[in-house]
A.B. asks: 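Please see the structure below; I have some questions.
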Amino acid sequence: MLHTVNKSPFERNSLDTCLRLAKKGSAILLIEDGVIAAVKGTVQSAKIEGAVGNHAVYVLGPDLKARAFSEDQVISGVKVVDYAGFVDLAEEHGTHNAWL
Amino acid sequence: MPAYTVNGTDYEHDEEGYILDVNNWNEDLAKVIAQEEGLNMTEEHWLVVNFLREYYNEYQIAPAVRVLVKAVKKKFGEEKGSNKYLYELFPYGPAKQACKVAGLPKPTGCV
Amino acid sequence: MAEFEFETEGVKKTFTFMNRKAPYGTIYALEVLETVLISAAFEQHANIIFVDDGVYQIKAGQDTTAINMKNFSPTYGIIEMEKEDADEDDDIDMVWRIIVEKESLDARGLTEDDFKVSVEVLSAAEIADIVDASDCVISG
């Protein structure tokens, strides 16, 4: 199962619910405003810092870049992927759960 | 807006003949709509129409054809509980034509 | 131009419908509900799950007359009826579950008595297993 989150954790509870309901070991990809959760040093950072032990966590590079975040600002343990990586993840995991 | 006139009262309908306010329906109006559709209302027609109205009142949408078939089967027996039988009653389809006679809005989805 | 043919006869999948939004404020709740009804027409297995503000979709006592919108909460009764039908009729190969997340209920001070349909109240961990085992997740 591949979970995607596209909302900022400052705006919605989509990430919280995703982390509560995603089975351990499943993959999580942060896209669009969801990438804000992958950034170090915010009051929301602890959520993804805690998640990397239980899930493979990815963040979409183009969405980071668009929002002026560099890869060094990404929480350690989170992998940055490009669009081709997104496609690979979707293909690899089959079922997709979009937390809107 | 076009309208059916029944017992001196006008009931507005859309360009396809569906009445605009489901709450305005009555049996005399249904007979007039059926006549316009070229239907001769038998006991079985009324059963379908009444079932549609009861279902709509409870759930606020028209039933799936599967559900309607099952209800007819329950009332009139195994041999009449088929899609084919419903089309014999309402040649333009139980969804479109029976809903029109029952005063329900035109079904939008896959019913 | 390539032609695609899909063999759908006899295909049976387990769908999870993840309802997370309150009704009326956005179109999500109604759209997911319509998708659930379509899955019934094709006799598919379904987990209809209410999480976060989605639990408000099935709260009893909704009255939309003053906001001039259609109250679609009675339509959830169809889900309950389809479920009972599938449970009782051996000819219908369809397993339906109506599930509410306990954490979402507790957070909103609700109990299962507040709902207009009967539900299973399950923990987040139990729901995680059910979601993970499904073939397709439709969320809103």
Side-chain angles (χ1 to χ4, degrees), chain B residues 12-14 18-25 47-87 90 93-99 102-111, chain C residues 8 12 15 17 23-24 27 29-46 48 57-65 67-94 96 98 115-118 138:
Chain B
E12 288 188 334
H13 62 76
D14 66 11
Y18 293 86
I19 60 166
L20 298 189
D21 186 349
V22 60
N23 299 314
N24 279 343
W25 185 90
L47 172 99
V48 171
V49 164
N50 289 330
F51 178 80
L52 287 176
R53 288 199 61 84
E54 281 163 24
Y55 191 97
Y56 189 87
N57 281 338
E58 182 160 2
Y59 300 116
Q60 298 298 302
I61 61 166
V65 171
R66 190 168 57 86
V67 174
L68 183 58
V69 167
K70 207 171 163 183
V72 173
K73 189 189 282 185
K74 227 175 180 173
K75 201 87 179 181
F76 288 124
E78 196 72 32
E79 74 280 6
K80 289 181 175 174
S82 72
N83 217 345
K84 183 172 169 289
Y85 180 71
L86 285 174
Y87 273 91
F90 297 97
K96 283 188 166 173
Q97 202 171 26
C99 283
L104 271 46
K106 187 184 175 184
T108 51
C110 77
V111 288
Chain C
T8 53
K12 191 75 71 170
F15 287 78
F17 297 93
Y24 311 117
I27 195 71
L30 181 57
E31 297 269 298
V32 174
L33 176 59
E34 289 189 345
T35 320
V36 173
L37 297 176
I38 291 166
S39 81
F42 291 97
E43 279 196 28
Q44 299 297 307
H45 303 311
I48 300 112
Q57 292 175 26
I58 50 171
K59 197 166 178 297
Q62 296 174 33
D63 180 356
T64 59
T65 42
I67 61 168
N68 210 11
M69 290 174 83
K70 181 165 169 165
N71 177 2
F72 57 90
S73 68
T75 309
Y76 291 98
I78 297 177
I79 295 179
E80 190 174 38
M81 187 192 63
E82 290 279 3
K83 178 189 153 43
E84 284 166 6
D85 248 30
D87 290 347
E88 286 163 13
D89 190 339
D90 290 338
D91 290 342
I92 304 176
D93 174 25
M94 200 168 88
W96 274 35
I98 308 172
F115 299 131
K116 52 188 299 139
V117 292
S118 33
I138 292 171

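Order of the sequence lines sets the chain letters (A, B, ...), proteins ahead of strands, with each chain counted from 1.
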A.B. asks: At a heavy-atom separation under 4.5 Å, does C:Glu82 approach chain B through its side chain, its backbone, both, or neither?
C.D. replies: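 Contact with chain B involves the side chain of C:Glu82 alone.
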A.B. asks: Does NZ in C:Lys12 sit with more than 12 non-hydrogen atoms of other residues, nucleotides or ligands closer than 6.0 Å?
C.D. replies: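 Atom NZ in C:Lys12 is crowded, with more than 12 foreign heavy atoms closer than 6.0 Å.
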A.B. asks: Under the side-chain contact (heavy atoms from CB on, under 4.5 Å) criterion, do B:Ile61 and C:Phe72 qualify, and how do the steps go?
C.D. replies: CA-CA 9 Å; B:Ile61 61 166; C:Phe72 57 90; over 6 Å; no
A.B. asks: Would one find more than 12 heavy atoms of other residues, nucleotides or ligands at under 6.0 Å from atom NZ of C:Lys116?
C.D. replies: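 More than 12 within 6.0 Å, yes.
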A.B. asks: Take atom NZ of C:Lys70 as the centre, draw a 6.0 Å sphere, and report whether it contains more than 12 heavy atoms from other residues, nucleotides or ligands.
C.D. replies: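 Check passes, neighbour count above 12.
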A.B. asks: Heavy-atom distances under 4.5 Å only: say whether B:Gln60 touches chain C with side chain, backbone, both or neither.
C.D. replies: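 Contact with chain C: backbone and side chain both.
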A.B. asks: Inspect the surroundings of NZ in B:Lys96 and state if more than 12 heavy atoms from other residues, nucleotides or ligands are less than 6.0 Å away.
C.D. replies: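 Open: at most 12 neighbouring heavy atoms sit under 6.0 Å from NZ of B:Lys96.
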A.B. asks: Side chain, backbone, both or neither: which part of C:Glu43 has a non-hydrogen atom closer than 4.5 Å to chain B?
C.D. replies: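 Contact with chain B: side chain only.
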A.B. asks: Within a reach of under 6.0 Å around CD of B:Glu79, are more than 12 heavy atoms found that belong to other residues, nucleotides or ligands?
C.D. replies: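 Enclosed: over 12 neighbouring heavy atoms sit under 6.0 Å from CD of B:Glu79.
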A.B. asks: Can you tell me how far CD of C:Glu80 sits from OH of B:Tyr59, rounded to the nearest 0.5 angstrom?
C.D. replies: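 CD of C:Glu80 is found 8.0 Å from OH of B:Tyr59.
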A.B. asks: Which value, rounded to the nearest 0.5 Å, describes the distance between C:Thr75 atom OG1 and B:Tyr56 atom OH?
C.D. replies: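 The OG1 atom of C:Thr75 sits 8.5 Å away from the OH atom of B:Tyr56.
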A.B. asks: How long is the span from the CD1 atom in C:Ile92 to the NZ atom in B:Lys70, to the nearest 0.5 Å?
C.D. replies: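 If I round to the nearest 0.5 Å, the distance is 4.0 Å.
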